[in-house]
Structures are given as C-alpha cells and as structure tokens.
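Beneath this line is the structure, given in structure tokens, with notes to follow.
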Number of protein chains: 2
Amino acid sequence: MRRANAKASGYAAVKNELLRRIRNKVWAPGALVPGEIELAESFGVARGTMNRAMRELTEQGYLERKRKGGTRVRPSPLRAARFEIPIVRAEIEGIGAAYAYKLLARRIAPVSAELRNLFGLKGKERLLYLECLHLADGMPFQLEERWINLKALPQAEAANFTELGPNEWLVQTVPYTDVEIAFEACAASTLSAEQLRVKRGEPLFTTLRTTWFKGDAITHVRLTFHKGYRMVTRY
Amino acid sequence: MRRANAKASGYAAVKNELLRRIRNKVWAPGALVPGEIELAESFGVARGTMNRAMRELTEQGYLERKRKGGTRVRPSPLRAARFEIPIVRAEIEGIGAAYAYKLLARRIAPVSAELRNLFGLKGKERLLYLECLHLADGMPFQLEERWINLKALPQAEAANFTELGPNEWLVQTVPYTDVEIAFEACAASTLSAEQLRVKRGEPLFTTLRTTWFKGDAITHVRLTFHKGYRMVTRY
DNA sequence: CAGTGGTCTAGACCACGTT
DNA sequence: ACGTGGTCTAGACCACTGG
C-alpha cells in the first residue's frame, strides 16, 4: 500500500524530514524523540522503513539509540568524514601519472622499544624491515617504511618485494581484523629528506598504520608523502 | 521460520561468510557473484536479509552492484577510514583538560585571489575574517583562521564571537549541503608560530574545511594544531 | 524488454537494559 | 518485568540498465 499521501514517501524522504526536525530544533538536542512505531504511523510508512531511516541517522551521528531507553537527538552532532585510503599505485595512476616502485632496503630489523611495544613482543621475535619508494612520473611520491611481524606472518620472509610492493602483497595475502590509522605532520628525517628530495626538517604529511589479526600485530607502516601533499575528501 | 540450520543465521553471519569467500578468492576479484535471490535461497535466509548483507559490503567497498548488471567483487577492495571531526571544545574536554577560547582578531577581510576563487566571488562581496585560539589547560591547542561569506550569511556580522567560537556558532546556526575537508602538513607561519609557541617553519598538522549550502560557499577555515598533534582512528 | 538490485510492507520474535 | 530497538520473513512493486 504505497501512499502518495503528502510528500514522496520512502526512507530517504523520511530521513530528510527527521533531519529537518533535528536541525530546526523541533526536537531539541538531547531530547527523547518518539518511538519507531509511533513515528512510522505518523509518517504513514512501515516500521521497517522508519527503522532504516533512523538507523542511518544514527550511523551518521545525529541520533543515539538504546534498547528500552529510546532514541535521543545527539547533543552535538558528531561530524565524521570518510577518507578513502587508496593503494599508492591506484592513487598515482588515478592522477594520470606513471607508477614506479623501488625497494630501497630489506633486513631483519633491530627491534626498538617503540616497535616492541606496538607489536606486543616479549621474547626475541624477529621483524622484517622494508624501505620502499613509490614514484609518480619519476618523481618521488611516497616513502614507505614497513615492519612485518615474522612470527605472525612467516611467509613474508620468503616473499620477494623487488617487483611487487609490500602493500599490495599484504592486501592480497593477509586478512586483518583491526586497523589503526593516524595522520600527523612531521619534519623530514635524514632518510625521508634524501628520498623525497627536500631539506631536512621540511614539513611532510605522514600516515601511520598498524594492522592486527585477532590480537596479533601483523604489520606497522609509516608512509611519508612528498612535499605539499594533501589528503582531501568531500561529502 | 528461523533456521538453526548450519551456523548462526542473521545478516551479520551472512556478511562474514560472503567476506570469507571474497578474501579466499572463492569469488575472484572482478568476478560476477550470484544474484540476491539465489544466494538468499542457498543461505536459507530471506531476500531482505541477504540484501542488507550485500548492501553493507558494498558500502564498505568490497562489492560493486548495478541493476541488471549484477554484483561483482571489487577488483581491489578500497580501504576507507572514518575520522570523527569533533568540535574543539569537545575534543579538549574529552582528554580531561580545561577548555578556553580567545578571539584574536576580527575584521572585514581583504579578499585574496585564492579566497575569491574558493568562494566564487565576482563583485565586491565582503568576507568576515576571524582569528581565534583554542586552549587546553592554558596551553595553545589549535589556531583557527576563518572566513565567512557575509553575502550568504549576513547575520554573522552582528554576531559576537568573544564568548562563543565561530565553530560552535555556525554549527548551531547554519545548515550545509556540501563539505570539503583536507589535511596537510605545513610549516608554521609567523602567526601560527607565535600563537602556538613554536619556531617558524616547524611542521604543524593542518585541517582545511570549506562548507557550502546549495552551491554558495558559506565559510572556509584553516585549523592549525599544536606541535605533535595526531589525528587517529581505529576500526 | 527482461533481469537485477532497490525498496516497501505487515507481521513476528527476540535481546537488551531500564525500571 | 516490560518496553524499545534489532532483526527476520515472505511477498510485492518499481527503477534502472544491459543486451
């Protein structure tokens, strides 16, 4: 029974109207809003439709829901942005440049206290350290410094990273359950300054990513981008 | 008819199994997977349940769906991360520090070519420029440089930004339809070095955000964080 | 134009968490 | 204990688009 009642029906229309009521403070921040069933009736839609609208508004940070507790307007709507983290190759080819990859170093790494902590190491586990450069049209684009936990991923020791970068190799090989990503601005180190052809101390955009599989840290990577790099998203 | 058939039913269980098939290349990258109806039957769930599982996997970047075209495994699963962009006050109070706000400057700004371009200005429109400092326990936390389009938002000229920061004022006042956010590393300018108490040229993490409402640029802001700031997310 | 995904409905049972 | 959201089902119509 599709109603052509007042306006266009459908969960998207419902969402918009709910959003309007939140923005115009028809429902004050923190206030309890009517229940699904009641709202569904008043909108003339099925409960499932109202549920989807409210669920998505919850995911988007506008509402808070609790069983039995009901639904509330989030006091200050939390803004969230989605950033796509492309594989370097795709990002470079996406801007129409030729991609090239170079393996700079590969060794069993001495384990610093920081890494030991990150990987939750206790004994004499071994880490594989890889240093790679990704180039766009011959210009250095991104420096990759990666540590791989050989205990969690012994097959990495046999892998040849001269052709395929560890990033792509890992994506194709290993599943993960948890990821932590951090962005920061850091001063060019001796290594990154040399590889990315800037002066030491220049500000460079950096991404740090650690990946776990069921509690075990698999890999940690520091990606340092060329000078002037911007990470952009729009919504 | 809830089946206790093989494993736990439910859209989450279905999702996991689909994900397993993707990861283990039971369905190769780029390959066409069976249709909803067929899969729903083979899993012993309703089509609606299968639809939700597949829809969420699509949102998460694992599948591509087209009407009539069917569903395919995304060739390289695109990784996306969600970052919450909290209001500064909430972020500072969230780490247990006392929040303080200071308005440093407020004037009708000379319009640079860059800003003119950003706001899509043609004639002699006026921009309100605001310079604010956000402090955590008395230490400079974030420098806010903001431009507001007075043509799109004339009421901003009357607003008093000495108590309430423009960020919070805007959130409470203006709806928006489009947002662009960019992250970059930049060298401390004379202004930011002075306010954030670092040397000129130090690397600082910066967020740029532009907000539109139905095609008109409302406001543009540059947020420069204190030295050593990291933006982190986990999933 | 025919097939696939997109969405809606009405009804039902269940789980969690407040009371 | 009981009310609210979370989810499932079976069936239906529709919209887009590939062949």
Side-chain angles (χ1 to χ4, degrees), chain A residues 1-19 21-22 27-28 30-75 77, chain B residues 1-19 21-22 27-28 30-75 77:
Chain A
M1 193 198 302
R2 203 66 159 286
R3 302 276 204 85
N5 196 342
K7 306 201 170 182
S9 181
Y11 85 96
V14 171
K15 246 178 92 169
N16 284 333
E17 171 58 16
L18 296 181
L19 200 47
R21 293 191 189 178
I22 293 167
W27 293 326
L32 196 62
V33 314
E36 283 189 351
I37 325 90
E38 189 183 334
L39 279 175
E41 281 173 8
S42 76
F43 276 75
V45 300
R47 194 192 152 206
T49 303
M50 180 57 67
N51 181 278
R52 179 162 179 192
M54 296 179 84
R55 174 164 31 95
E56 293 195 357
L57 287 174
T58 303
E59 283 164 4
Q60 287 170 32
Y62 292 102
L63 297 175
E64 284 174 327
R65 315 194 78 185
K66 266 186 243 168
R67 279 164 152 132
K68 169 73 179 176
T71 302
R72 293 179 175 281
V73 177
R74 224 183 178 116
Chain B
M1 195 199 305
R2 200 66 156 289
R3 301 277 204 83
N5 197 340
K7 308 204 171 183
S9 179
Y11 84 97
V14 171
K15 249 178 89 171
N16 285 334
E17 171 58 17
L18 297 181
L19 200 46
R21 294 192 187 177
I22 294 168
W27 293 325
L32 196 62
V33 315
E36 284 188 351
I37 326 89
E38 189 182 334
L39 280 175
E41 281 171 10
S42 76
F43 275 75
V45 300
R47 193 191 153 206
T49 302
M50 182 55 68
N51 181 277
R52 180 162 178 192
M54 296 179 83
R55 174 163 31 93
E56 293 194 359
L57 286 174
T58 304
E59 283 164 4
Q60 288 170 32
Y62 292 101
L63 297 175
E64 284 175 327
R65 315 193 77 186
K66 268 186 240 167
R67 281 166 151 125
K68 168 72 180 179
T71 301
R72 290 177 177 283
V73 177
R74 240 203 162 94

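Proteins come first, then strands; the chains are lettered A, B, ... in the order of their sequence lines, and each starts at number 1. Predicted, not measured: the structure shown is a model, and the values here were computed from it.
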Start with the C-alpha gap between A/Glu56 and A/Leu18, add the side-chain angles, then the distance that decides, and say whether side-chain contact (heavy atoms from CB on, under 4.5 Å) holds. CA-CA 11 Å; A/Glu56 293 195 357; A/Leu18 296 181; over 6 Å; no
Which nucleotide in the list C/dG5, C/dT18, D/dC8 gets nearest to the side chain of A/Lys66? C/dT18
Is A/Thr71 near enough to D/dG5 that one of its side-chain N or O atoms lies under 4.0 angstrom from OP1 or OP2? yes
Can you confirm whether B/Glu38 sits close enough to B/Glu41 that some side-chain heavy atom of one is under 4.5 Å from a side-chain heavy atom of the other? no
Just how far, in rounded Å, is C1' of D/dG6 from CD of A/Glu59? 13 Å
With each end axis built from five pairs of C1' atoms, what bend angle do you get for the helix from C/dC1-D/dG18 to C/dT18-D/dA1? Round to 10°. 20°
Which atom of B/Met54 lies closest to which atom of B/Leu63, heavy atoms considered: O-CD1, 4.1 Å
Grab the CD-C1' distance between A/Glu56 and C/dC8 for me, whole Å please. 14 Å
State, to 0.1 Å, how close B/Glu64 and B/Pro75 come at their nearest heavy-atom pair, and which atoms those are. OE1-CD, 4.2 Å
Can you name the nearest heavy-atom pair linking B/Ala53 to B/Tyr11, along with the distance? CB-O, 3.8 Å
Candidates D/dC8, D/dT9, C/dT9 - which lies nearest the side chain of A/Val45: C/dT9
Taking the minimum atom-to-atom distance to the side chain of A/Lys68, which one of C/dT18, C/dT7, D/dG6 wins? C/dT18
Atom CZ of A/Arg55 and atom C1' of D/dC8: how far apart are they, to the nearest Å? 12 Å
Do the side-chain N or O atoms of B/Thr49 get closer than 4.0 angstrom to the phosphate oxygens (OP1, OP2) of D/dT9? yes
For A/Gly69 and A/Met50, take the nucleotide of DNA chain C holding the closest heavy atom to each; which residue's nucleotide lies nearer the 5' end? A/Met50
Restricting to non-hydrogen atoms, name the atom on A/Met50 and the atom on A/Val14 that form the minimum distance, rounded to 0.1 Å. CE-CG1, 3.6 Å
With sugar-phosphate meaning primed atoms plus P, OP1 and OP2, does A/Gly70 contact a base, only sugar-phosphate, or nothing at under 4.0 Å between heavy atoms? sugar-phosphate
B/Phe43 CZ to D/dC8 C1': how many Å, rounded? 16 Å
Just checking B/Gly35: base, sugar-phosphate only, or nothing, at a heavy-atom cut-off of under 4.0 Å? sugar-phosphate
What is the distance from CZ of B/Arg67 to P of D/dC16, rounded to the nearest Å? 6 Å
For a quick check, tell me whether the side chain of A/Arg47 and the base of D/dG5 share a donor-acceptor pair closer than 3.5 Å. yes
So if I take every side-chain heavy atom of A/Asn51 and compare against C/dG5, D/dT7, C/dT9, which nucleotide ends up nearest? D/dT7
Whole-Å distance separating the CZ atom of B/Arg65 from the P atom of D/dG18: 15 Å
Quick one: A/Leu39 CG to D/dG5 C1', roughly how many Å, whole number? 13 Å
Do you know the tightest heavy-atom contact between A/Arg72 and A/Gly30? NH1-O, 2.8 Å
Between C/dT18 atom C1' and A/Leu32 atom CG, what is the distance in whole Å? 12 Å
Which of the following nucleotides, C/dC8, D/dG5, C/dG5, is nearest to the side chain of A/Glu36? D/dG5
Qualifying residue for side-chain hydrogen bond (donor to acceptor under 3.5 Å, both in side chains) with A/Glu36, from A/Thr49, A/Asn51, A/Thr71: A/Asn51
